[in-house]
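Numbering of residues begins at 1 and proceeds along the displayed sequence. Only this structure's heavy atoms are used, side chains among them; waters, hydrogens and symmetry mates stay out. Just so you know, ligand 1 is whichever comes first in the structure, and atom 1 is the first atom listed for that ligand. All values derive from a computational prediction rather than experimental measurement.
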Amino acid sequence: MSLRAIKYENNSLEILDQLLLPAQSKYIQVRGVEDGWKVINKMQVRGAPAIAIVGCLSLAVELKKEKFESKKQMRQEIEGKLNYLVSSRPTAVNMKIAAEELIDLANQLSKDEAVTLDDMKTKFLQTIEDMLTKDIADNKAIGDIGAKQILSRVSGDSLVRILTHCNTGSLATANYGTALGVIRTLHGMKRLEHVYCTETRPYNQGARLTAYELVHDKIPATLIVDSMVAAAMKHRHITAVVVGADRVAANGDTANKIGTYQIAVLAKYHDIPVYIAAPFTSVDMSIPSGDHIVIEERPDREMTHVGEHRIAAKGIACWNPAFDVTPASLIAGIITEKGVFRPEQLREQFGQHN
Ligand code: MRU
């Protein structure tokens, strides 16, 4: 059975505490928006799609318990709480896009005279709950489309070797994963020879979370530290790099976990294609390029300590940006649930679908 980062049943929301993995599997109860904000901000749940789903479900849990006097009051509370959730982490766009869509929905329902207060609540909660199933379906589509794309680059029945960064699997999404979903599908098709996953300093999502998922799912994999990427590309015949995204700008520039940019630069040198696997909810058409993406900076402690153990010299200054932006020119394609697009095709696609 695959790992579950988010459990939502009978209006009870629990998340797997990713700060404790892989040593302990412990679920934490999320009782409302305040808890939702905290678990996202502390990175007990992380990964762009999972952040949005947990944020919105924390609102669902809270709304279900609350009694409203009017649709207007409910609409105002929804808007305030969603804006608060968006402030929990700045770089991943999925929570912001979900908040905008839900605020629009609340506005429409509140204006529609045929909709009662109870109807408004039911419809609103249903829309949030549907996010879980939609995310899994999108990830499976990304897996199929991405696997086909990568296999189209190799001859006959050859097996492929993928390098990935950070964690984009069941732990970062409702389930299955984006980049890790592509890897999972290739494995299911028996076309995956091997995966190389980076440690992903400083939070170690690769060593702690991706390695855990790969071992759990018996996918052939090897962990490398971030500084081994060039050597792996030179000596291990990597077919493609597949990573996720926290925010894709309209021109295809992509913010993802710190280190993605340097992997893309190295891939260019070694003539290895870099694919971004991400749902349409990670694309931010409101910004023209990656220069407009706010990069979250995290506490020094994530760099200076491993768990409780200090590894850096006391007194040293640290710079800890959690993400970097890979320019569109280094990206071979963006694998979405609707197909694979070259970065410059995104504008056209959004014109058609949105
Ligand atoms: O800081 P994190 O762990 O939330 O960063 C996660 C990433 O950068 C992922 O690659 C991205 O969110 C895509 S998850 C499907």
Side-chain angles (χ1 to χ4, degrees), residues 3 5-6 15-19 21 39-55 88-98 131 134-136 138-143 146 163-184 197-213 226 241-248 254-264 274-284 290 293-299 302-303 320-326 331 334-337:
L3 295 164
I6 305 166
I15 58 119
L16 184 58
D17 186 347
Q18 297 189 29
L19 290 175
L21 285 173
V39 295
I40 294 169
N41 181 263
K42 281 171 70 182
M43 290 176 68
Q44 285 168 304
V45 65
R46 28 65 50 205
I51 289 172
I53 292 165
V54 169
S88 55
R89 289 190 75 193
T91 304
V93 74
N94 309 53
M95 183 65 231
K96 176 177 165 274
I97 288 184
M131 284 175 74
K134 180 175 182 319
D135 190 56
I136 298 171
D138 287 349
N139 291 341
K140 292 201 168 145
I142 288 171
L163 188 141
T164 192
H165 186 54
C166 196
N167 175 264
T168 58
S170 295
L171 296 169
T173 60
N175 210 330
Y176 204 73
T178 56
L180 206 48
V182 174
I183 289 166
R184 231 183 266 289
C197 71
T198 56
E199 183 185 33
T200 322
R201 281 284 291 150
Y203 185 86
N204 296 317
Q205 287 93 331
R208 295 190 305 107
L209 309 177
T210 304
Y212 183 64
E213 286 200 39
D226 300 356
V241 171
V242 189
V243 293
D246 288 89
R247 190 181 297 234
V248 182
T254 296
N256 190 50
K257 180 51 52 195
I258 189 75
T260 306
Y261 175 31
Q262 72 190 17
I263 292 174
V274 173
Y275 288 101
I276 305 294
F280 263 41
T281 49
S282 299
V283 182
D284 184 356
I293 300 176
V294 176
I295 301 292
E296 174 184 8
E297 294 198 9
R298 306 267 321 161
E302 285 178 3
M303 288 173 63
N320 185 14
F323 303 95
D324 56 27
V325 175
T326 300
I331 297 170
I334 300 167
I335 302 166
T336 75
E337 67 277 24

Is it true that Arg201 and Asp226 have a side-chain N and a carboxylate O under 4.0 angstrom from each other?
no
Distance-only polar pair, side chains of Ser88 and Asn41, donor-acceptor under 3.5 Å:
no
Numbered atoms and elements of ligand 1 in range of Arg89, under 4.0 angstrom, heavy atoms:
1 (O), 2 (P), 4 (O)
Atom 9 (C) of ligand 1 - nearest protein heavy atom and its distance
Asn256 OD1, 3.5 Å
Can you name the atoms of ligand 1, numbered from 1 with element, that are less than 4.0 Å from a heavy atom of Gln205?
1 (O), 2 (P), 3 (O)
Asn320 and Glu297: side-chain donor and acceptor closer than 3.5 Å?
no
Any N/O of Thr168 closer than 3.5 Å to an N/O of ligand 1?
no
If only atom types and distance count, is the side chain of Tyr261 paired as donor or acceptor with the main-chain N or O of Phe323 below 3.5 Å?
no
Under 4.0 Å, counting heavy atoms only: does Pro49 come that close to any atom of ligand 1?
yes
Under the side-chain hydrogen bond (donor to acceptor under 3.5 Å, both in side chains) test against Asn167, which residue among Gln205, Arg46, Gln18 passes?
Arg46
Minimum-distance protein heavy atom relative to atom 8 (O) of ligand 1
Asp246 OD1, 2.7 Å
Between Glu213 and Leu3, is there a donor-acceptor pair closer than 3.5 Å when you use the side chain of the first and the backbone of the second?
no
With no hydrogens and no angle check, is any side-chain donor or acceptor of Asp284 less than 3.5 Å from a backbone partner on Val93?
no
Side chain, backbone, both or neither: which part of Tyr203 has a heavy atom under 4.0 Å from ligand 1?
neither
Enumerate the atoms of ligand 1 whose separation from the nearest heavy atom of Met43 is less than 4.0 angstrom.
1 (O), 3 (O)
I need the atoms of ligand 1 closer than 4.0 Å to a non-hydrogen atom of Lys257, numbered in the order shown.
1 (O), 2 (P), 5 (O), 8 (O)
From atom 13 (C) of ligand 1, work out which of Ala245, Gly47, Ala322 has a heavy atom at the shortest distance.
Ala245
For Asn256, check side-chain hydrogen bond (donor to acceptor under 3.5 Å, both in side chains) against everything at least two apart and list the hits.
Thr260
Pairs of nitrogen or oxygen atoms closer than 3.5 Å, one from Thr178 and one from ligand 1: do any exist?
no
Any side-chain donor paired with an acceptor under 3.5 Å for Asn139 and Thr178?
no
Going by distance only, is there an N or O of Thr173 that falls short of 3.5 Å from an N or O of ligand 1?
no
Atoms of ligand 1 less than 4.0 Å from Ala48 heavy atoms?
12 (O), 14 (S)
